[in-house]
Amino acid sequence: MSEIGNLSVALAALVSAYGLVAALLGAGLGRADLQHSARNATYALFLLLTVASAVLLWQLLARDFGNAYVASYTSRDLGFWYTVSAWWAGQAGSLLFWAWLLAGFGALVVWRQSAYRELMPYVVATVMGTSSFFTLLLALVSSPFARLPFPPADGQGLNPLLQNPGMFFHPPTQYLGYVGFTIPFAFAVAAMATKRLDDEWIRATRRWTLASWFFLSLGILFGMQWAYVELGWGGYWAWDPVENASLMPWLTGTAFLHSVMIQEKRDMLKVWNLVLIILTFGLSIFGTFLTRSGVLSSVHSFALSSLGPLFFAFIALVLIVSFTLLAVRLPWLKSEGDLDSLVSREASFLFNNLILVGAAFSVFLGTIFPLVSEAVRGVKISVGAPFFNQVNIPIGLALLLVMGLCPLLAWRKASAANLSRNFLAPGALGLLTAFLLRVRGVGQPVAVAAFALCAFVTATILLDFHRGAMVRRSHGEPYPVALGRLVLRNRRRYGGYIVHLGVILLFAGMAGGAFRTEREAVLRQGQTVAINQYTLRYEGLSQYPTPGALVTAATLTVFNGDEPVGVLNPQRNIHRGHEEQPMTEVAIRSTLLEDLYVILAGIGEDGSANFRVIVNPLMMWMWIGGALLSLGTLVAFWPERREALRARARYLLVGAEA
Amino acid sequence: MRPAALSLLIWVGGMGVLALLQPVHAHAAGDGVQAVVNQLATQFMCQCGCGLTLASCTHPVCGPRDRMLAEIRRLVEAGKTPVEITDALVAQYGEAVLAAPPRRGLNLLAWWGPYAALLTGAVVILLLGTAWTRRPAPQAAPPSPLTPEERRLLDEELRKFDV
């Protein structure tokens, strides 16, 4: 079977290279047959990589330990779903997964968006160029089909840290996000190459951008949730370089999502939009570079390899080619729109973009600064959570403020009446919130500011929903129907607002971290530890084997005041084959108000146990915020008949004027 | 419902949740030495190579972390101030033990670079924005007349709008 896999990958590399050359020659020479052939190559590429992926999956599930990859990441006792997830658990498999997704997206673009005839050869060339890089890596450097001379009786199994349901959600969504941004990038390159620099490429890729952003958001959220329940330190974001690497393209991608609206509405920011999508694509590759290169120590260090220099070279090539093309096309990128006022939605979007890109820059600088320091001063330094929190919290608060201002400022020029109508009551509400929190003795200025801004932004958004619904109600619709139809008839706008509400909840959950409390206690059976209103009584330890591990579980009865409210069982597991790396499985009691989070930190020989107990306020709201963000994106993503008709009408008008 | 009433409702709900939260300083005092150690654990990097702070090291069993935490606890119990503890750890492990680089020399670039970039960006936006707002508005070209057939097609399309 491995021969079929190797052959498929080798052919995929050849087909990618062929597709790249054929598409460029077809466009350059005006040869429709070559262009057609290049488009067909995307289907062939997808087929070949599907075969390669199917072979790998078969070998994983059949426990073919003659395959070095299978022997490294699975074992006989590994469950079905974790065995499937081994596809992206290691470097070679995840490269194949990436290449397969890219080929799938490429085929989908060619199939669904063939109407963009002029752009398509360069779109295909960009996709195939990227695919050439990944398939060459698979064929020459990191094959998932390498054979072992002597197959072991059993494999090494999956790293216990990866044996969490998050493994099935976090990497795939993260990759879908990273890979998805290739398509808007490819259209941007095509727009520059063909000088079709109006908003055609933006309209063509709006859904791709939204979908990629959605998956990247989901990937980040799933990663946070996974870190929270698996890593056992009570947090969800440690500002690890690889975490940062996923945040950077998300920030620039978010800026891009917003700024394209300005180009669509006002024909402005053409250069800026191209810069943003180039950066977003570059940063998506940079994320993989950081994960794979090991230039910075990371919690994702199970993924290190020697691929770093190759990724670095690829990123450099992408940036040089893209920015050179952009520089050459600058004369064609003059904006036709003008700014009517600095107090307008357009201007506020500029500040929104500035803050998002500023945040990305801040994260980038902090992430690479240890390398800069070592190169310039020869001194090793660390840049960890305290630095990122201090630098980024003010930026985050500014972003929250702008999120409240942007959507409700009028296009072109906001009048005093517009400002007062939309912001007076929410502004007063925000200030009142801050005042009352201070009066109540909340000492953390950051938390006060965050909650006040959350109140302000929530009020601006809900007021806009309310006003829209009231207008419809005045035409005779009952209020709930009016509210529903308002959202369904303006999906992009109100979907965006729902996303904003989700982000507010995320901010509120983060701000809740200021109220976190923590206790550590060594308890003997029957002893208790108290934290806030909770008392935890240690009832004892139990030990039992599971198919893959030896589990040691503590039993704690939880009292809220005097009332027993539940039992928690934090665990410490020793996985077979990873005896040197015992794993903690935290126990969490979640309510809307707070999480009671218990870690079994150590076990004494006398039966005593060391517990770390944390109360994390408002955590649940972060996950609800994530769900709301997903819902809003789906609403905005859902095809809108009126929008399609609008586009057709616009097409007819343009055609008539030409 | 009037906007002011809706605002009030949102706010009452939000404040209700916040009212149930208890400020952290209400509990920190009672935790004594452990609270100080926990706080300091967020300021120093674990030396096991995980790249995270002592507070967030992901290894369930971690010798370097436990040794450093024990050392910090000993220093706290000996009455050392956080500054003295920091100096002691930097002398022992080097500058890399600090989770945030000290605000001096080249490190200022990391601390202030993002704000300098944001400030520069804001100035550029304000300058460009001012220039753009002063630009005379281009004269709109008169619309090209549509042929009757194009007009019919357009009307047909527009009729499909459900406004």
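Here the structure is a predicted model, which means the values were calculated and not measured. Within every chain, numbering begins at 1; the chains are lettered A, B, ... in the order of the sequence lines, protein sequences first and strands thereafter.
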Could you give the side-chain donor-acceptor pairs of residues 97-108 of chain B under 3.5 Å, partners two or more places apart or in another chain?
unit_1    : atom_1 : unit_2    : atom_2 : d
Arg103(B) : NH2    : Gln390(A) : OE1    : 2.5
Asn107(B) : ND2    : Pro102(B) : O      : 3.0

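Under the side chain to side chain contact (heavy atoms under 4.5 Å, CB included) criterion, Leu69(B) pairs with Val37(B), Ala41(B), Leu54(B), Arg65(B), sequence neighbours left out. Evaluation of the side chain to side chain donor-acceptor pair (under 3.5 Å) rule for Asn392(A) yields Ser362(A) as partners, not counting sequence neighbours.
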Open item on the list: Walk me through whether Phe369(A) and Leu109(B) qualify under side-chain contact (heavy atoms from CB on, under 4.5 Å).
Closed with: CA-CA 9 Å; Phe369(A) 201 72; Leu109(B) 176 66; 4.0 Å; yes
Task: Candidate pair Trp239(A) and Leu52(B), rule side-chain contact (heavy atoms from CB on, under 4.5 Å), full reasoning - done: CA-CA 8 Å; Trp239(A) 294 105; Leu52(B) 301 171; over 6 Å; no
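Taking each heavy atom of Gly384(A) and Met45(B) in turn, the nearest pair found is CA-SD, 4.4 Å. Between Ala122(B) and Leu354(A), the closest heavy-atom pair is N-CD2, 3.4 Å. Across every non-hydrogen atom of Pro386(A) and Thr53(B), the tightest pair is CD-CG2, 4.2 Å.
Highest contact tally toward chain B, considering only Glu520(A), Arg377(A), Arg612(A), is held by Arg377(A) [criterion: heavy-atom pairs under 4.5 Å]. Listed options Val357(A), Ile599(A), Ile381(A) were ranked by heavy-atom pairs under 4.5 angstrom with chain B; first place goes to Ile381(A). For the options Gly113(B), Gly129(B), Ala110(B), Gly121(B), heavy-atom pairs under 4.5 Å to chain A are most numerous at Ala110(B).
Side-chain contact between Ile395(A) and Tyr115(B) is present, with heavy atoms from C-beta onward closer than 4.5 Å.
With a threshold of 4.5 angstrom between heavy atoms, Phe351(A) approaches chain B through its backbone and through its side chain. With a 4.5 Å cut-off on non-hydrogen atoms, Leu365(A) touches chain B through its side chain but not through its backbone. Both the backbone and the side chain of Val383(A) come within less than 4.5 Å of a heavy atom in chain B. Of the atoms belonging to Thr42(B), it is backbone heavy atoms, and not side-chain ones, that fall under 4.5 Å from chain A.
For residues 74-95 of chain B, the interface with chain A (any heavy-atom pair closer than 4.5 Å) comprises Glu95(B), sorted by residue number.
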